[in-house]
Amino acid sequence: MAISNLLSTTITPQLFSHSSHRPFLLRKPAGAPRRIQVTVQSKGSSTADGPDRLISAIAYFYPFFDGVQYGKYVITQFTPVQALIQPLVPAIRVFKSFPLNGILVFFTLYFVVVRNPNFSRYVRFNTMQAIVLDVLLIFPDLLERSFSPKDGLGLDLMMSFDSTVFLFLLVCLIYGSSSCLLGQLPRLPLVAEAADRQVL
């Protein structure tokens, strides 16, 4: 992934010399120390300040809220997962209260954050990863609409599939958000490359 750092270098003109064989070589005069000042900014770099970290961490809640229904089997069977999800229930209810909330959040994140050069690349990349992760939820949704077994092996397979999707979303939420809060750059499987292509 190509992430450009903003470097401002202080170099005196005497450090450049012209040679007929090798033009414009950087040479250090005898006895003169070379001083380089490096400035790294959040915009366009892999490092992030506090607000960038917070915005990026919050973005990963979007696909999780949108796909929380796939956890209906896991949440009812495992008490630790219930305890983990319980604090998020009010926010999930608000998100699910209006059918078009998912679409509105999608367009808001994409056009207000990802396509906005005023946000750092760190924020735009993490937001794009969350969006791509949410787009991938189309496939389990189509599968559920096409096949809805009531019992037997079909139901067992559907329960396993839904639980796998939910656990994947949960792991992505925990890994993505915690990495962002720590100032690291998370790269999620299946979505990181697509996010790279979208964020210039």
Side-chain angles (χ1 to χ4, degrees), residues 1 3 42 46-96 101-116 119-145 157-199:
M1 180 177 62
I3 299 176
S42 176
S46 59
T47 60
D49 54 18
D52 285 355
R53 294 181 188 189
L54 186 60
I55 294 168
S56 298
I58 291 172
Y60 288 103
F61 284 89
Y62 165 56
F64 181 77
F65 286 178
D66 206 18
V68 74
Q69 69 273 10
Y70 296 108
K72 55 186 174 280
Y73 305 113
V74 175
I75 294 171
T76 55
Q77 291 178 2
F78 298 100
T79 309
V81 178
Q82 284 181 4
L84 188 65
I85 302 301
Q86 191 62 40
L88 301 176
V89 169
I92 293 169
R93 284 188 179 147
V94 170
F95 183 83
K96 297 284 188 180
N101 276 350
I103 299 289
L104 293 174
V105 172
F106 173 86
F107 284 117
T108 301
L109 289 177
Y110 187 74
F111 289 109
V112 175
V113 179
V114 174
R115 291 297 174 200
N116 187 348
F119 284 100
S120 68
R121 190 184 192 282
Y122 184 86
V123 172
R124 291 184 292 124
F125 173 77
N126 282 294
T127 304
M128 194 64 217
Q129 277 201 129
I131 289 172
V132 174
L133 189 59
D134 185 68
V135 169
L136 289 179
L137 292 177
I138 292 172
F139 298 109
D141 186 50
L142 287 174
L143 187 64
E144 276 202 342
R145 291 172 191 265
L157 289 174
M158 188 58 69
M159 288 171 62
S160 297
F161 180 73
D162 283 358
S163 299
T164 302
V165 170
F166 173 76
L167 291 174
F168 179 71
L169 290 172
L170 182 61
V171 168
C172 288
L173 169 65
I174 294 169
Y175 169 64
S177 293
S178 59
S179 295
C180 289
L181 290 174
L182 294 172
Q184 300 170 355
L185 187 66
R187 292 188 62 84
L188 302 180
L190 306 176
V191 301
E193 295 301 324
D196 264 336
R197 288 193 292 270
Q198 291 294 320
V199 179

How close do [X] and [Y] get, counting heavy atoms only, and between which atoms?
{"X": "Phe61", "Y": "Ala57", "answer": "CD1-O, 3.7 Å"}
{"X": "Met128", "Y": "Val114", "answer": "SD-CG1, 3.7 Å"}
{"X": "Phe119", "Y": "Ile55", "answer": "CE2-CD1, 4.0 Å"}
{"X": "Pro186", "Y": "Phe125", "answer": "O-CE2, 3.5 Å"}
{"X": "Asp162", "Y": "Lys72", "answer": "OD2-NZ, 3.4 Å"}
{"X": "Tyr60", "Y": "Cys180", "answer": "CE1-SG, 3.7 Å"}

Discussion item. I'd like to know if the side chain of Lys96 reaches the main chain of Ala91, judged simply by a donor and an acceptor atom lying under 3.5 Å from each other, with no hydrogens or angles considered.
Written reply: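 Pair absent, no side-chain N/O of Lys96 close to backbone of Ala91.
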Worksheet item: In terms of side-chain heavy atoms, does Gln184 have a donor or acceptor partner in Arg53 at a distance below 3.5 Å?
Response: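 Note: Gln184 and Arg53 side chains miss the donor-acceptor criterion.
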Give, for atom [atom1] of [X] and atom [atom2] of [Y], the distance between the pair rounded to the nearest 0.5 Å.
{"X": "Ile138", "Y": "Arg145", "atom1": "CD1", "atom2": "CZ", "result": "11.0 Å"}
{"X": "Leu170", "Y": "Phe64", "atom1": "CG", "atom2": "CZ", "result": "5.0 Å"}
{"X": "Leu84", "Y": "Ile174", "atom1": "CG", "atom2": "CD1", "result": "5.5 Å"}
{"X": "Ile58", "Y": "Thr127", "atom1": "CD1", "atom2": "OG1", "result": "10.0 Å"}
{"X": "Gln129", "Y": "Leu190", "atom1": "CD", "atom2": "CG", "result": "10.5 Å"}

Heavy-atom side-chain proximity of [X] to [Y] below 4.5 angstrom:
{"X": "Ile92", "Y": "Ile85", "answer": "yes"}
{"X": "Phe65", "Y": "Val94", "answer": "no"}
{"X": "Asn126", "Y": "Leu185", "answer": "yes"}
{"X": "Phe139", "Y": "Val165", "answer": "no"}

Worksheet item: Could you walk me through whether Leu188 and Val132 pass the side chain to side chain contact (heavy atoms under 4.5 Å, CB included) check?
Response: CA-CA 10 Å; Leu188 302 180; Val132 174; over 6 Å; no
Worksheet item: Which residue pairs satisfy the ring pair (Phe, Tyr, Trp, His ring centres under 6.0 Å) criterion with at least one member in residues 67-92, sequence neighbours excluded?
Response: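 The answer is none; no pair qualifies.
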Item to complete: For the pair Met159 and Gln77, evaluate side chain to side chain contact (heavy atoms under 4.5 Å, CB included) and give the outcome as yes or no after the intermediate values.
Response: CA-CA 12 Å; Met159 288 171 62; Gln77 291 178 2; 4.1 Å; yes
Item to complete: Start with the C-alpha distance between Ile75 and Phe166, add both sets of side-chain angles, then the distance that settles side chain to side chain contact (heavy atoms under 4.5 Å, CB included), and finish with yes or no.
Response: CA-CA 10 Å; Ile75 294 171; Phe166 173 76; 4.0 Å; yes
Worksheet entry | salt bridge (Lys or Arg N to Asp or Glu O under 4.0 Å) evaluation trace for Asp52 with Arg124 | CA-CA 9 Å; Asp52 285 355; Arg124 291 184 292 124; over 6 Å; no
Item to complete: Test Leu137 against Asp141 for side chain to side chain contact (heavy atoms under 4.5 Å, CB included), laying out the working first.
Response: CA-CA 6 Å; Leu137 292 177; Asp141 186 50; 6.0 Å; no
Worksheet item: Taking only residues at least two apart or on different chains, which pairs with a member in residues 130-140 satisfy side-chain hydrogen bond (donor to acceptor under 3.5 Å, both in side chains)?
Response: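 Matches after skipping sequence neighbours: Tyr62-Asp134.
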